[in-house]
Amino acid sequence: MLHGQSVGGMIRRALLVPAAVLVLFALLMASCRREEQKVSPATFPSAPVILISVDTLRADHLPAYGYRKVDTPNIDLLRKDSVLFRNAYAHVPLTLPSHATVLSGLLPPENGVRDNIGYRFDGSKHASIPSFLKQQGYATGAAVSSYVLRSASGLGSLFDFYDDHFDASTDGSAGNLQRAGSQTSAVAERWIDEQGRAPFFFFLHLFEPHSPYDPPEPFRSRFALPYDGEIAAADAVLGEFIQHLKDREIYDRAIVIFISDHGEDLYEHGEPEHGIFLYRDVLHVPLLVKLPGGRRAGETIDRSSGLVDIFPSICALTGFPPPERLSGRNFLGPATTAEGPRTIYAETFYPRIHLGWSELRSLIGERFHLISAPTPELYDLAADPAEKKNITSEERRQFAIMKEDLGQYGALLQSPLQADPEDEKKLAALGYIGSRQKSDTGPLPDPKEHVGEIAPMLQSMRMLDLGRIPEAIAGLRAIVKRNPGYTDAWSQLGRALETVGDYEDAVTAYETAVR
């Protein structure tokens, strides 16, 4: 007995006090959750969804990601209103397969689109953002700025409205296979205005700063790199488009997602543009997500994300359960320890399909980046963000783990369909090597060992596109002298010789290409 109390009474009182506290705490937490839901709703039913893709835009060439050699005031303003993802990655450094991945929420081996030509997205077999949102009562529209995303690629059938009007019927030069972003955004503005207050999804594609880099004034004179000048030109178009959304009182209530489909090497690893390699400069892309009402404005997320995450994230934000078997995850959802460190898959079969070299596949994680090639590569992104030192021999355990993880994605390639020669010619005018090589089953050369052949080839193709035929012929003859097995160089030489009426030599060049 202590002060007339039994031990049992003391224990009961000791148990009662915490129970009361727990009840009070539970009531307070429920109240907080109700208030949090009122202030920060997890979903935005019927919100307009606008996806803006600026083609070939490296994340590390934007001030929002620390770059200081170009001005992008409109992207900077969008960043202030948005969540910025510091480590977002593309899954393939090519325009059509990357956008097919974005719209389908499936990786290239799953959606079947592995290259810009010879593959078509099949909307009857796979769900897509526009087809899914259409089922939920959304109107769907798109306007694209490049022939690469023409309706015949399979993307047009996914939308109620798809504008891909190019003057591609003339000479096949690059200028006829793309249009200025201002023209494309004007189409977008007209369609959006017609929707009123109804829910809609719109995909706006700007082709600046894709090659050939030709920024208009005043951007041409203001920036040292023409590539940066084109980024500034795209920023100006974006600013006018966003202002239009604000004038129509759409911007504040909309979900706006800003991305690029891939980056650009800019010779940092020997590649003039993109498509051949899988280094971070072609995979690291901007990702900004602006939510309605200024929610989470200015936030930054460091964990790795992929463009494949856009579809499930849009489902989460609009409050609809996502389709089954999507490859990505909600990038705005909470990170859980159960998920573990994430790696992002990427591939390019472009060197195999077009150049007769080996395909490349990669996994990029929080710290390490594995590139599977005939001579494999492993990079420590923390110590070597420019990926200049291959540490495969120093980090054998890490290499083995990531190599095993990469194996789950498989390396099978569906054979490309027979391509229209006119399509090949038009894509060549945009800087893509046009001819397709025979798919060999034996060991193929490592692209690292042959990338030096690409720049002279692209230069000769540009001379041909510009009508500077003698220079093109001289360049192509030098290429085939160094590499007599370069099929596409023989094909382009035949085209150039045919242009000047040298039919006998043209036939010889074409016959050599066929052999």
[X] side chain to [Y] main-chain N or O, any donor-acceptor pair under 3.5 Å?
X: Lys290; Y: Ala254; value: yes
X: His369; Y: Tyr279; value: no
X: Thr348; Y: Gly275; value: yes
X: Gln195; Y: Trp191; value: yes
X: Gln408; Y: Asp405; value: yes
X: Glu271; Y: Ile276; value: yes
X: Arg68; Y: Pro63; value: yes
X: Asn330; Y: Ala316; value: no

Side-chain ion pair, [X] and [Y], N-O less than 4.0 Å:
X: Asp302; Y: Arg86; answer: yes
X: Arg179; Y: Asp163; answer: yes
X: Arg280; Y: Asp60; answer: no
X: Glu347; Y: Arg114; answer: yes
X: Asp115; Y: Arg352; answer: no
X: Arg222; Y: Glu230; answer: no

Is the closest side-chain donor-acceptor distance between [X] and [Y] under 3.5 Å?
X: Tyr147; Y: Asp164; result: no
X: His284; Y: Asn87; result: no
X: Ser146; Y: Gln178; result: no
X: Asp160; Y: Thr140; result: yes
X: Thr101; Y: Ser98; result: no
X: Ser327; Y: Glu110; result: yes
X: Ser104; Y: Ser128; result: no
X: Thr72; Y: Arg79; result: no
X: Ser260; Y: Asp55; result: no

How long is the span from the [atom1] atom in [X] to the [atom2] atom in [Y], to the nearest 0.5 Å?
X: Ile242; Y: Asp235; atom1: CD1; atom2: CG; value: 8.5 Å
X: Leu288; Y: Phe258; atom1: CG; atom2: CZ; value: 6.0 Å
X: Ile129; Y: Phe159; atom1: CD1; atom2: CZ; value: 8.0 Å
X: Ser362; Y: Ile344; atom1: OG; atom2: CD1; value: 10.0 Å
X: Leu57; Y: Leu62; atom1: CG; atom2: CG; value: 4.5 Å
X: Leu96; Y: Arg120; atom1: CG; atom2: CZ; value: 10.5 Å

Over 12 foreign heavy atoms within 6.0 Å of [atom1], [X]:
X: Lys125; atom1: NZ; result: no
X: Glu249; atom1: CD; result: no
X: Glu404; atom1: CD; result: no

*asked:* His244 vs Asp193, test: side-chain hydrogen bond (donor to acceptor under 3.5 Å, both in side chains). Steps then yes/no.
replied: CA-CA 9 Å; His244 184 87; Asp193 288 349; 2.9 Å; yes
_Residue pair Leu149, Thr95: steps toward the side-chain contact (heavy atoms from CB on, under 4.5 Å) verdict_ = CA-CA 8 Å; Leu149 296 183; Thr95 296; 3.8 Å; yes
*Would a 4.5 Å heavy-atom cut-off, applied to side chains only, mark Val237 and Glu240 as touching?*
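Side-chain contact under 4.5 Å: no.
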*Stepwise side-chain contact (heavy atoms from CB on, under 4.5 Å) check, Glu299 with Leu84*: CA-CA 6 Å; Glu299 188 175 327; Leu84 179 145; over 6 Å; no
*When you look at Thr318 and Ile255, which way does the side-chain contact (heavy atoms from CB on, under 4.5 Å) test go after all the steps?*
CA-CA 9 Å; Thr318 52; Ile255 299 166; 4.2 Å; yes
_Intermediate values then yes/no, side-chain hydrogen bond (donor to acceptor under 3.5 Å, both in side chains), Thr56 and Glu264_ = CA-CA 6 Å; Thr56 322; Glu264 192 82 313; 5.2 Å; no
[X]-[Y] aromatic ring centre distance below 6.0 Å:
X: Phe331; Y: Phe85; answer: yes
X: Phe277; Y: His269; answer: no
X: Phe201; Y: Tyr138; answer: no
X: Tyr345; Y: Tyr409; answer: yes
X: His210; Y: His274; answer: yes

Tell me whether the rings of [X] and [Y] are parallel (<30°), tilted (30 to 60°) or perpendicular (>60°).
X: Phe223; Y: Phe219; answer: parallel
X: Phe132; Y: Phe320; answer: perpendicular
X: Tyr350; Y: His354; answer: tilted
X: Phe121; Y: His126; answer: tilted

*Yes or no on side-chain hydrogen bond (donor to acceptor under 3.5 Å, both in side chains) for Tyr251 and Asp81, after CA distance, side-chain angles and deciding distance?*
CA-CA 11 Å; Tyr251 179 80; Asp81 294 339; 2.6 Å; yes
*Carefully, step by step, assess Ile257 and Ile310 under the rule side-chain contact (heavy atoms from CB on, under 4.5 Å).*
CA-CA 9 Å; Ile257 301 175; Ile310 290 174; 4.2 Å; yes
*Taking it one step at a time, do Ser182 and Ser185 satisfy side-chain hydrogen bond (donor to acceptor under 3.5 Å, both in side chains)?*
CA-CA 5 Å; Ser182 57; Ser185 65; 5.9 Å; no
